[in-house]
There are 2 protein chains.
Amino acid sequence: MIEAAPNPVTTVMRALADPTRRAVFERVFESKEISVAELTRGSGVTQGAISQHLKSLKQAGLVAERAEGRNVYYRAAPQGLEPLVTWMDHYGVFWRERFQNLRDLLKEIDP
Amino acid sequence: MIEAAPNPVTTVMRALADPTRRAVFERVFESKEISVAELTRGSGVTQGAISQHLKSLKQAGLVAERAEGRNVYYRAAPQGLEPLVTWMDHYGVFWRERFQNLRDLLKEIDP
DNA sequence: CTAATTCATTAGTAAATACTAATTTATCGA
DNA sequence: TCGATAAATTAGTATTTACTAATGAATTAG
């Protein structure tokens, strides 16, 4: 019963580590809004599985929902990626690589 | 035997999703180089467990090793984070938020 | 009301995972 | 040469996880 709440980074990473669940997130993101039935379609898994994945994603703060009639529409909540961004930021990866790209770009524009 | 090689994003996410293993990566990163014995120290798990985690991290391309005598020194390979960066980049999170930071920074330097 | 649809939840299962304890291989120092 | 130390590997285990099939709860349509 000692439910040590896991680190947000852990929660988000775990949510996105599973390929099926990550694919669900990607589809939700690409659609502005999408119902569970539509997500199930062509997902290769059952509707129950999709609901379970959505629950994980929601707990991780990666999606939000809106109920309408008997449908529930999900949308992405990219702010949920924030813990990942913060974590990775700590490793300087972004600035290094992205500024390199930026520098290349600028050189191209104005050599 | 049909060893469907998992997506690099999956490999990296999975490697970092476990708190213990992520902590190992963090410690490796903070030290320029660190031996397995030292990593084991105060990790809360056995030396065997640490070696297993290092193996995962290595397969994910997140660490590299150098053997010297009976020690093996590990160092971080932050380029291993590249698949994550690329994946997240697709979601526009970085540029939006980071440019905000950049703007703040510039304002500070040259108000 | 009844039948159909949508989604969530449950119980059960097979596979994956994180660990330990023990062993193995290698290197070092006395 | 021996004993000690470092690290990897192995076998075994308990827990977690991703799934299915089935059921439940709510909403809509005929």
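Order of the sequence lines sets the chain letters (A, B, ...), proteins ahead of strands, with each chain counted from 1.
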- [ ] Evaluate the criterion side-chain contact (heavy atoms from CB on, under 4.5 Å) for residue pair B:Leu16 and B:Leu84; output intermediate values, then yes/no.
- [x] CA-CA 11 Å; B:Leu16 296 171; B:Leu84 271 205; 4.3 Å; yes

- [ ] Would you please test B:Ser56 and B:Gln52 for side-chain hydrogen bond (donor to acceptor under 3.5 Å, both in side chains) and show each step?
- [x] CA-CA 7 Å; B:Ser56 289; B:Gln52 287 163 13; over 6 Å; no

Open item on the list: Between B:Tyr91 and A:Phe25, does the side-chain contact (heavy atoms from CB on, under 4.5 Å) criterion hold? Intermediate values first, please.
Closed with: CA-CA 11 Å; B:Tyr91 296 97; A:Phe25 173 76; 3.9 Å; yes

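Rounded to whole Å, atom P of D:dA26 lies 19 Å from atom CD of A:Glu68. Between A:Leu16 atom CG and D:dA18 atom C1' the separation is 16 Å, expressed in whole Å. Across the protein-nucleic acid pair, A:Gln59 atom CD and D:dA18 atom P stand 13 Å apart, rounded to whole Å.
Regarding contacts with the backbone of D:dC19, every side-chain N or O of A:Thr46 stays at 4.0 angstrom or more from both OP1 and OP2.
Considering only heavy atoms from C-beta on, B:Val24 comes within 4.5 Å of B:Leu39 through its side chain.
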Task: Contact state string [nucleotides 5-18 of chain C, B base, S sugar-phosphate only, - no protein heavy atom under 4.0 Å] - done: BSBBBB------SS

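In this structure, B:Ser51 contributes its side chain and B:Gly48 its backbone to no donor-acceptor pair below 3.5 Å.
Sequence neighbours left out, the pairs with a member in residues 17-26 of chain A that pass side chain to side chain donor-acceptor pair (under 3.5 Å) are A:Arg21-A:His53, A:Arg22-B:Thr10, A:Glu26-B:Trp87.
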